[in-house]
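Have a look at the structure below before the remarks.
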Amino acid sequence: MMLLLSILLLSPMTTTAGHSDERALVDFRAKITTNYGVLASWNSSTSYCSWEGVTCGRRRRVVALDLHSHGLMGTISPAIGNLTFLRALNLSFNSLHGGIPPNIGSLRRLWYLDLRDNSLVGAIPSNISRCTSLKILVIADNQKLQGSIPAEIGNMPMLTALELYNNSITGTIPPSLGNLSRLAVLSLKGNHLHTTLVPSALYQQPLRTATAFTVQPVIFEKDLGRSLPKVQLFGLSGNRLTGTIPMSLTNLSSLQTFDISSNEFTGVVPSALGKLQYLQWFTLDANLLHANNEQEWGFLTSLTNCSRLQVLSIGWNRFAGKLPSSVANLSTSIQLLRIRRNNIAGVIPSGIGNLIGLQQLILGENLLTGAIPVSIGKLTQMIKLYLGLNNFSGTIPSSIGNLSDLFALGINSNNMEGSIPPSFGNLKKLIALDLSSNHLRGSIPNEIMNLTSISAYLVLSDNLLEGLLPFEVGNLINLEQLALSGNQLSGKIPDTISNCIVLEILLMDGNSFQGNIPPAFKNMKGLAVLNLTSNKLNGSIPGELGSITNLEELYLAHNNLSGEIPELFGNSTSLIRLDLSFNNLQGEVPKEGVFKNLTGLSIVGNKGLCGGIPQLHLQRCPNSAARKNKKAMPMALRIAVPAVGAILVLFSGLALAVFLCKRSQATTTKEQQPPPFIEIDLPMVSYNELLKATDGFSEANLLGKGRYGSVYRGNVENQGIVVVVAVKVFNLQQPGSYKSFKAECEALRRVRHRCLVKIITSCSSIDHQGQDFRALIFEFMPNGSLDNWVHSDTEKESGNGTLTMEQRLDIAVDIVDAIEYLHNGCQTSIIHCDLKPSNILLTHDMRAHVGDFGIARIINEAASTSSNSNSSIGIRGSIGYVAPEYGEGLAVSTYGDVYSLGITLIEMFTGRSPTDDMFRDGLNLHYFAKAAHPDNVMEIADSRIWLRNEGNNRNATRDIARTKECLAAIIQLGVLCSKQSPKEWLLISDAAVEMHNIRNTFLSAH
């Protein structure tokens, strides 16, 4: 921009007086609102040529107005058109709304216009084409900007850059754009454009009538090379474009980036791409393109002549036939090769090791066969290798152990044989490893168990592994998911496994483990799923298992267990699935907790059991001394269960309103695997009961208000126990509240995860005025919302009463786990649509539960309703957190949740809200954080993170340095998630892996 201003200052100016320019600037200021005096210098005490952002020429005519990233609010005044000597106008990265004034067409000398990243609406005025000197036109990231692309833009001969990406522009791409012979950048991605690129056979058919036959419009009716001879970036991704890729693409001799992903292109890819000597980025993902033979695969062979190619991504298409051996001859500068989810057969050529610059090789979900080449071990810069869901055979090359920077490895669901290479012990940065569903034999190498870096998951299930589980398993102190199901492992379960204190899912079913169940499992406080089905375990069931506060699923079927069912199981507040079937258990069955829910309980095949609820149809228990002693027990002790512990046993016959999402790892044997969804009826509580519980919905019990209703604290008495619940009452007078109630019910009945707020029951009734009444009853979260803690003013100076670094990291992990589960853990994915700190609630031990699904979308329903831009549910989310792609008419997507996650992470660790006035003087929270990364993160961080411990810690200096390193990683993750373009955001699975790694690295250095 400085070079631009220097050029303008040296430009000759007319002798016209500048008073009209000053008046135009004053009128412009009158339409701007800002709280931090960005335009404070715009007053009569100084010359308008010295006003901030204003540059004048030699004769006091305004030649440049640059107010980018100043937090401006308001509208763009039509008076801007009176600055007739203006050559550069930059109002980007503000919060301007309203339309683009047509008067802008009066700026005949203008050659630079940038209005990106605002909230402009309406259409692009057609008379913008009167700016015949314009070279750079950027009107991007205005999600509500609609209308069509003016055909008159094709009459702007000087244009070198046209960037209209991430708006809501509809219609076709004008053929007149083919006249822009100087165009170097064409970016129209992320709109709703529909057209074809070249004439099809339909053009050769005679035109009958306008109603019987309509010619499909095209972008470029002539050769692309002649239309756009200088284009370097050609970006049309994320639209609704159809047709075929034109052969004349190969004539774009200056092309560097070609991205048409996420459209509906068909046909084959043109060959002769090797003519594109400057090509660096070639992306065709998520289309309907195909290749079935050597000739149709010619484009890949031709690309081997593109020596500068860095990214080749053609996943999610219909490519088939054999993978050409020429793939090994691609440029050594290529970093990403992604051909995921096609129907490609053949082998990976051994020459793949020549691609020494490769960092990501994604070939999963195809039909590839043969052996995995040993030469892959030469790709020492590799960080992600995914070959899963193919038909590979042979042994796993030990040379993979040479990939010392690898953090994710997946070779699951193939036909691999042999043993797991001990060389995997060299992968010291590995976070995730999946070798499941193969034919691997031998023992589990101790070297694997010494990889303390593994934190996301270690999946070795459904193989032929044998021998003992190494006691070194206790070294996996950062691991969250361990799956060993369906092998031939034997011996005792080592007590050292209890060292895995953050482990959430432990699947050991379908093996031959013997001996007792280690009572030390009680130390694994994070355990949510434990499956020991179909082993040879004996002895009694440790009662300590019932004290694991997060345990949701426990499978112990098909063992040799004896003794009684521990009474603690009935007191568990979290347990919702329990399978004890086909053992030798005896004695009375408890009647509380999970034992009241027949859908989540299985105890068949235990002939010695008695009692329980009547629906179990068990014989009555004899009047044993034990039962007499129990009856003689003081009543106070029998009902002294903590309030939190009774939440899930409210009301006789109460059941959770959820669909149990399929967890393939957490099943019993394959023959007894439950159906993907188990629907549970939802009994409803009465209006009068809620009225009493909330003291008439009094203000004293009001916890908070939202868009569609209010949440109250309620005290419910059940069998002598007073339990605290949260009652969400919907305001049915508010438009959209019925749909919100329905949406939340529909979402909650499909989910079940430790990091999601649990629903207890609902109420659909009539109130005392005879009006419809709707309410949902949730588990009470005693520590309120994350928003209250992040923005609390209590003990601000010392840091007491605020969240520690460790707590924030744990909460962040819980949040990403919840969203990752919603997107990928359910058979039908769910988009939350309104992730923000006020919708994240904290338990008594400061762990996060994501709530408020009032505008959530089931993924298939989101697709079917995406065209409804007037939905009263309000898919836009909350200001500051809503994804840039969510404008009127834009479909919701999982990327939107990733964006909200990024903003939330930044807010958690800076203590600054995205809607806070303090940011309106700068950019937004995303750019505020980006500008500070990595060197100045301590300046923007919430200082209360370390203030509390600084005075009492001898190692304060070291801890602050460690905190700074962690903050830099967190801020970077938040920035990556909240980029303006959905195509640049991380996948939630990648964000989850990174978040776990950040937390584990910080804690391990403690």
Side-chain angles (χ1 to χ4, degrees), residues 702-713 725-731 734 736-737 739-741 743-748 750-751 753-759 775-792 803 808 810-823 830-843 846-857 873-883 886 892 894 896-909 911-916 925 974 977-978 988 991:
L702 183 64
L703 297 175
K705 290 186 176 181
R707 185 185 314 178
Y708 297 115
S710 304
V711 181
Y712 297 88
R713 177 190 176 106
V725 296
V727 182
K728 182 175 182 178
V729 179
F730 287 78
N731 177 13
Q734 171 70 27
S737 59
K739 291 185 178 179
S740 179
F741 175 77
E744 192 151 10
C745 288
E746 183 64 19
L748 290 169
R750 296 172 181 263
V751 300
H753 190 271
R754 65 176 182 82
C755 298
L756 299 177
V757 173
K758 296 176 182 176
I759 187 172
L776 296 174
I777 295 84
F778 294 94
E779 177 183 7
F780 179 70
M781 296 286 109
N783 277 315
S785 73
L786 175 62
D787 184 75
N788 292 335
W789 283 85
V790 171
H791 301 293
S792 171
L803 297 170
R808 295 178 200 232
D810 284 341
I811 291 169
V813 166
D814 290 343
I815 297 170
V816 296
D817 282 355
I819 301 302
E820 200 277 336
Y821 167 79
L822 292 175
H823 291 185
I830 293 175
I831 308 168
H832 187 277
C833 294
D834 200 17
L835 182 68
K836 57 183 178 179
S838 60
N839 287 338
I840 299 164
L841 305 179
L842 302 178
T843 64
M846 302 303 290
R847 299 308 297 259
H849 285 193
V850 175
D852 198 342
F853 289 78
I855 60 174
R857 286 290 184 273
I873 282 287
I875 63 174
R876 301 168 187 84
S878 299
I879 296 174
Y881 306 92
V882 64
Y886 286 7
V892 299
T894 55
D897 283 352
V898 175
Y899 179 88
S900 303
L901 170 65
I903 296 298
T904 299
L905 289 177
I906 297 172
E907 182 175 3
M908 282 179 59
F909 290 87
R912 293 169 170 83
S913 167
T915 58
D916 198 305
L925 188 55
C977 289
S978 59
I988 186 61

Paired with Tyr881, the side chain to side chain contact (heavy atoms under 4.5 Å, CB included) test is passed by just one of Ser838, Ser913, Cys833, namely Ser913
The reported gap from CD1 in Ile831 to OG in Ser900 (rounded to nearest 0.5 angstrom) is 11.0 Å
Scanning both residues in full, the closest heavy-atom pair of Leu901 with Ala991 reads CD2-CB, 4.4 Å
From the list Leu841, Ile759, Val725, side chain to side chain contact (heavy atoms under 4.5 Å, CB included) partner of Phe778 resolves to Ile759
Taking only Lys NZ, Arg NE, NH1 and NH2, and the carboxylate oxygens of Asp or Glu, determine whether Asp852 and Lys836 approach each other closer than 4.0 Å.
no
Review point. Are Ile840 and His849 close enough that some pair of their side-chain heavy atoms sits under 4.5 Å apart?
Key: no
Heavy-atom closest pair (Lys705 atom, Ser710 atom, distance to 0.1 Å) is CG-OG, 3.4 Å
Worked verdict on Asn788 versus Leu842 for side chain to side chain contact (heavy atoms under 4.5 Å, CB included):
CA-CA 10 Å; Asn788 292 335; Leu842 302 178; over 6 Å; no
When every non-hydrogen atom of Gly911 is compared with those of Val790, the smallest separation belongs to CA-CG1, 3.8 Å
query = Do Leu905 and Ile815 come close enough that some side-chain heavy atom pair is under 4.5 Å?
reply = no
- Query: Parallel, tilted or perpendicular: which describes the rings of Tyr821 and His753, with under 30° parallel and over 60° perpendicular?
  - Reply: tilted
#### Entry: Test item: Val816 and Glu820 side chains (from C-beta on) under 4.5 Å apart, heavy atoms
no
- Query: Can you tell if the side chain of Met846 reaches within under 4.5 Å of the side chain of Asp810, non-hydrogen atoms only?
  - Reply: no
The reported gap from OG1 in Thr904 to CD1 in Ile811 (rounded to nearest 0.5 angstrom) is 12.0 Å
Worksheet entry | Student check: side-chain heavy atoms of Pro837 and Met908 closer than 4.5 Å | no
task = List the steps and the verdict of side chain to side chain contact (heavy atoms under 4.5 Å, CB included) for Asn839 and Asp834.
result = CA-CA 8 Å; Asn839 287 338; Asp834 200 17; 3.4 Å; yes
Heavy atoms of Thr915 and Gly880 approach each other most closely as CG2-CA, 4.2 Å
*Can you check whether Glu907 reaches Asp787 side chain to side chain, under 4.5 Å on heavy atoms?*
yes
* Asked: Are any side-chain N or O atoms of Arg808 and backbone N or O atoms of Leu803, one a donor and one an acceptor, separated by less than 3.5 Å?
  -> yes
Taking every heavy atom of Phe909 against every heavy atom of Ala812, the minimum-distance pair comes out as CE1-CB, 4.4 Å
Between Ile988 and His823 the two heavy atoms that sit nearest each other are CG2-ND1, 3.5 Å
For Ile819 and Leu835, what are the C-alpha separation, side-chain angles and deciding distance, and is it a side chain to side chain contact (heavy atoms under 4.5 Å, CB included)? CA-CA 9 Å; Ile819 301 302; Leu835 182 68; 4.0 Å; yes
